[in-house]
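First up is the structure itself, then whatever we jot down about it.
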Amino acid sequence: MEITESEPAPELPAEEEMALIRDITAAAEAHAKEGDIFFLITNRHICFLVDSNRWWQSWIDYVIHDLAGVPSNGSHHHEFGSNTPRRPGAIDNTNLLDDMASEVSDIQIELHDTLVEGRDYILLPQQVWEKLHSWYGGGPTLPRKAINTGLSQTDLAIEVYPLRLQLLLMPKGEQAVVRISKRVTVDELRKKACEVFDLVPDEVCIWDYYGRTKHALMDNLEKTLDDANIQMDQDILVEVTTDANGSLDGACMSSIQEDYFGSTSTYLMTNASKSGCLNENLASLCYGSRSYSSSLMQSQYLRSSSGDLDNVPGTVGMTTRGSPSGLTGLLNLGNTCFMNSAVQCLVHTPEFARYFREDYHCEINWHNPLGMVGELALAFGELLRKLWAPSRTPVSPRPFKTKLSRFAPQFSGYNQHDSQELLAFLLDGLHEDLNRVKHRPYLKSKDAEGRSDEEVADEYWANHIARNDSIIVDVCQGQYKSTLVCPVCGKVSVTFDPFMYLSLPLQFASTRSMTVVVFTCDGSAPPIPYTVSVPKQGRCRDLIQALSNACSLRNEERLLIAEIRSHRIHLILEDPVLQLSTIKDDDHLAVYRLPRLEKRASYVQFVHRREDLDLGNNSSSTSWKPYGVPLLAQISRNETVTGSDIHEMARKMLVPMFRNHVAQHSAVQSSLSTRTQSYHTDSSKFQLQLIDDSNTVIEQTDYAIRVPQSSVATVIFVNWSKLDLKKLNTNHLEHLPEVFKYAPPAKRTRGEPLSLYACLDAFLREEPLVPEEMWYCPRCKEQRQASKKLDLWRLPEVLVIHLKRFSFSRSTKHKLETFVNFPIHDLDLTNYIANKIPQRQTYELYAVSNHYGSMASGHYTAYIKLLDENRWYNFDDSHVSAINEEEVKSGAAYVLFYRRVGEADGAASNGTQSCVKRSRRSSQR
């Protein structure tokens, strides 16, 4: 594609330009379809470029300012010092281009890799671009095609970055880089390769050559590249066959273990990063000017990138005087700070740093079906070596990110993700890639049968190690003791399960504030909201007790809690042992004050409906729309209820809600001198229309109405006319508060911190299982909501602690900014170990993954202590700076990394024993 610029057309008034562009845009968007062409146009200054061109925004400012009423005589000259925007000059898209990338690529025009729509560029329909281009001229022209991204024809997206693929021709060894849409077919890719290398399509076959490994012969020519799982920046092997008839000969059907470039395993061991070398240089250049101002430094980085490091694998971890290692940052590829933070914490784990800088390839499990054929381990190892090289030039993690996206699609693209979720995937993936167990035996743990916990725990651990044995297990895995108790028969079940990290809840207080509204069924009081404090780990009976005290519940009364959704009772919470944690902060609860009955009760639910005028179909009709909070009455099972009884129930509950009711106090004679308040209203002033669920009007008669015995809430509708509804104090019905209205918490002072030990106590506290995780009791032969108690039994060399800062409800997501006071030195867990051993269990903090800001637009960093220097550093993407130890503790701390110290420190060497010893042990499995 040539970079062309055209001369502008004669000027039009700004108002006319604006109107034309608006109309053309509306028409184009209304008829958008797959295959339409859109054009990029620069929007504003790009942070890593020197040029500050922002053409589109300049044009918007120009036409908007003109439309705002600024007088114009047809002249568009701009006086110095004036705030009046002038007409922009020729379109200039050059700041979107990566010139240096184009110089080292076969592609003539390359965009910067990290452009963001709306921030750096705008996409214009073809007709809009052509009109603007005819008025202003300029360029270069950057067309992109609309592709279909779903099942519907309307699921369109603009493919700003088509796949960039490196074609490798075998047996000639030629290479070429091409851009091609992920929606084209394999046949179109084959034709493109033939065009590039001047080949005959019938004599060519192509392979998915991701990671320089023959993954699959791409022989389904109708399949799209997207369906074939072809990734950005991967290799495609182009093989020329010798069969003139076009059938595949021995060349295309050659062993997947061998290729033109040598054996697969040898290549992956020594050159795993070179397939991404070109693109890594490009990514580095995109960010180069953010950290280095001189173009000389950029060109030096281009010439001296990963190739030099790959040539000295045996010395990549060595340091030289005056050249510190381990202080290398990672480039942000676009919202990849979450990945950079997690990777830096793992890379600076001493056991991993030693392991991956040695020859770990003999431990790669190439055939583990649960692993990633060693590719994740190799990519991580190569990245670790670069980060520990004696250089402070930021490293691009693009090859690692590409591998990660291939095996974990949830982390593909450039959206923000959770560093803890990535960390969990990495630890599990690295374990599977490096599992020394080649053939996993099937082992079943026996029941304790009166044996000691020590014996049973050792048996569980031996069975686990027999199937899972890797550097990750050596360093990061510990063991829980899990105790389940059946609430019905008392059956106790004890298991010992492995863990990779601890996820601790942030519970500063042991209580929770809950707001509900209490409704009376006898008309003695209007609905009243109450806010009570209950135990966070409490049960429904705790909430009932707190409300009973708050509303002075009498002995002959009881409270019934109901969850309200869509103006109806969604669920009645009658189970007194129901966990309060099942009630979310954004739930709406109504509590009904009812008389105690000797017999089981049936309930009648009065659902309010208001008049709604429907003006459709050229005629008006009245419909009824659900409204407000339902009322609830109860009757004894088998009790005869008449229409008049139903009306009286409703009237009695509604009386205190009318605006002009008359209140009278009267003494009620009883054994206790109790004063109650009764309400009266003129019943002639309003009409109560009751409708049952079959849309039949309930009349005030003595005819019996049947209430089903199995019904928990028979529905009766109360239809309110607009006139009668005005007589009602609707505030009682319209505004049912949330259980807890979320507000950002005030910044916690250092004087009242939440202790990490308190979080650990909450994590280990006994609590019932949630309903979704019911336990099958072998004695009862039924699913039971057992109580569960966790204890720490075996601690790892490196203890990873995840602070659960993110809370989720049905409609909202919140981040807890709670400041946690975690020890930097001497985290003592001795008293938390159920397995009493003589050594003290103490840990030292060496890394923290931090999260700042909100969930959607937050930023991750890492605080890391270099043990050789005994100094803390802040790793903020490509920027690395020293910090004081006092700065390590903050409300942003998200994942904590502790390393065992003290008497048990010698055991750390278990995770870094030589590969020769491990391979000898592995060969026996």
Side-chain angles (χ1 to χ4, degrees), residues 265 268-270 272-273 309-310 312-319 325-326 328 342-366 368 371-390 395 397 400 403-404 423-438 465 468-478 498 500-501 796-800 844 846-847 862 864-868 897-901 904-923:
S265 59
L268 288 174
M269 287 185 207
T270 60
S273 67
L309 303 180
D310 292 332
V312 286
T315 60
V316 74
M318 300 177 63
T319 60
S325 62
T328 303
V343 166
Q344 290 285 16
C345 291
L346 288 181
V347 161
H348 287 85
T349 299
E351 292 79 0
F352 294 156
R354 287 195 295 269
Y355 178 86
F356 284 99
R357 284 186 286 174
E358 296 174 357
D359 184 9
Y360 62 92
H361 300 93
C362 60
E363 293 211 332
I364 292 178
N365 193 330
W366 304 100
N368 185 358
M372 281 140 274
V373 292
E375 291 191 33
L376 184 65
L378 286 166
F380 179 80
E382 290 299 322
L383 183 58
L384 181 145
R385 292 186 177 207
K386 292 176 184 178
L387 291 174
W388 277 101
V395 171
F400 176 78
K403 290 264 194 317
L404 181 68
L423 180 69
F425 172 80
L426 281 180
L427 289 174
D428 186 64
L430 290 173
H431 160 66
E432 297 296 352
D433 267 6
L434 298 168
N435 195 349
R436 304 170 193 127
V437 181
K438 310 306 179 187
I465 295 299
N468 302 275
D469 186 12
S470 69
I471 179 65
I472 306 299
V473 175
D474 294 340
V475 175
C476 293
Q477 285 200 351
M500 194 85 77
Y501 52 86
E797 299 305 317
V798 168
L799 179 63
V800 181
E844 186 96 356
Y846 71 90
I864 294 171
K865 182 179 183 180
L866 290 192
L867 300 183
D868 293 340
F897 292 77
Y898 283 93
R899 184 169 181 258
R900 193 199 302 270
V901 295
D905 194 36
S909 60
N910 293 338
T912 54
Q913 56 186 297
S914 71
C915 186
V916 175
K917 293 181 181 178
R918 289 171 174 157
S919 61
R920 186 183 300 120
R921 180 172 57 178
S922 301
S923 65

- Query: Does some side-chain heavy atom of L383 sit less than 4.5 Å from a side-chain heavy atom of V395?
  - Reply: yes

- Query: To the nearest 0.5 Å, what is the distance between CG (L404) and CZ (F380)?
  - Reply: 11.5 Å

- Task: First locate atom CD of E375, then atom CH2 of W366, and finally report the distance between them rounded to the nearest 0.5 Å.
- Result: 8.5 Å

- Message: Are L867 and P350 packed together at the side-chain level, in the sense that at least one heavy-atom pair is separated by less than 4.5 angstrom?
- Response: yes

- Do the non-hydrogen side-chain atoms of F356 and L346 ever get within less than 4.5 Å of each other? no

- Message: With heavy-atom distances below 4.5 Å as the criterion, would you say the side chains of F400 and V343 are in contact?
- Response: yes

- Item | For V798, the option from Y898, F352, Y846 that meets side-chain contact (heavy atoms from CB on, under 4.5 Å) | Y846

- Given L434 and Y355, is the side-chain contact (heavy atoms from CB on, under 4.5 Å) satisfied, shown in steps? CA-CA 11 Å; L434 298 168; Y355 178 86; 3.8 Å; yes

- Roughly how far apart are H431 NE2 and N468 CG, rounded to 0.5 Å? 3.5 Å

- Query: Any side-chain heavy-atom pair from E432 and L376 closer than 4.5 angstrom?
  - Reply: no

- Message: Could you check whether any side-chain heavy atom of D474 comes within less than 4.5 Å of a side-chain heavy atom of R436, counting everything from C-beta outward?
- Response: yes

- Query: In terms of the angle between their ring planes, are H348 and W388 parallel, tilted or perpendicular, with boundaries placed at 30° and 60°?
  - Reply: tilted

- Query: Can you tell me how far the CG atom of L384 sits from the CD atom of Q344, to the nearest 0.5 Å?
  - Reply: 9.5 Å

- With E844, which residues qualify under side chain to side chain contact (heavy atoms under 4.5 Å, CB included), at least two apart? H825, K865, V901

- Interatomic spacing from NZ in K438 to CG in N365 - rounded to 0.5 Å: 4.0 Å

- Does V437 offer a backbone N or O that forms a donor-acceptor pair with the side chain of D469 under 3.5 Å? no

- Query: Just how far is it from atom CG of D428 to atom OG of S470, taken to the nearest 0.5 Å?
  - Reply: 9.5 Å

